[in-house]
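Note that ligands are numbered from 1 as they come in the structure, with each ligand's atoms numbered from 1 the same way.
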Amino acid sequence: MTEQFNPAADRLVSQNSEFAESFSDANMGAAPSMRLAIVACMDVRVNVLELLGLQNGEAHILRNAGGVITDDVIRSLCLSQRLLGTQEIILLHHTDCGLQKVNESEFKADLESEHGFAPSWPLGGFDDPYTDTAQSIQRLVDNVFVETNFLRGFVYDVTDGRIKEVAQAQTSE
Ligand code: ZN
C-alpha cells in the first residue's frame, strides 16, 4: 500500500504567479491593524481568520501544535507587542485536538529508541482543552515579558463551529 507522494511545492509556485498578477497589498503596513495577536493550534480544521471574521492584516496569528505557550510563542508575542504595537491577545484552542490523543512518555520513548536520546522540549499533551486553555492563560499571565491586560481564551468546537470562552484559572491553594 505504498502510495506515491506528490509534493505540492511546484504547484504552489505556479499558484503564486497567479496571485502576484493581481497583487494589491503593496501598501499594507506590517503592524496588525486591530493590535491583536492570536495564539492558535495548527489543526487544519481551525481556520482562524474565517471563524473569527478577520481579514489578513488585522492580527498576528501564531500557530503551533496545540497552541501551546512555548518559549518561542513568548518570543513572538514579545516582539509583536514591543515592535509592532499589539496589545490584545486571544488564545484559540479547540476540541478533538491531536494533543489530547498522544501519550507524552510513549512519544518520547519512541524518539529515544530511534535516535538515542529524547528531545528536551515538552510535547504539551493534555486531556481537556478547556482546562488546557485556562492553564495557557495562566502561563502567559505569569510571564514577565508579555503584557496581558487584554487577554482572553477560547475553545473552538470543531463539531459546530462555535467558540466558547474559558474563564481564567482561579488561583487555588
Ligand atoms: Zn489542536
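For the Zn ion (ligand 1), the set of protein N/O/S atoms nearer than 2.8 Å consists of Cys41 SG, His94 NE2, Cys97 SG, ordered by chain and number.
A salt bridge is absent between Arg35 and Glu88; no separation between the charged side-chain nitrogens and carboxylate oxygens falls under 4.0 Å. Classification of Arg139 and Asp142 as a salt-bridged pair fails, no side-chain N sitting under 4.0 Å from a carboxylate O. The pair Arg45-Asp96 counts as a salt bridge, with a side-chain nitrogen and a carboxylate oxygen less than 4.0 angstrom apart.
Side chain to side chain, Asn16 and Ser14 fail the donor-acceptor criterion of an N or O pair below 3.5 Å. Thr159 and Asp157 are linked by a side-chain donor-acceptor pair at a separation below 3.5 angstrom, with hydrogens and angles left out of the test. If you check the side chains of Asp132 and His93, you find a donor sitting under 3.5 Å from an acceptor.
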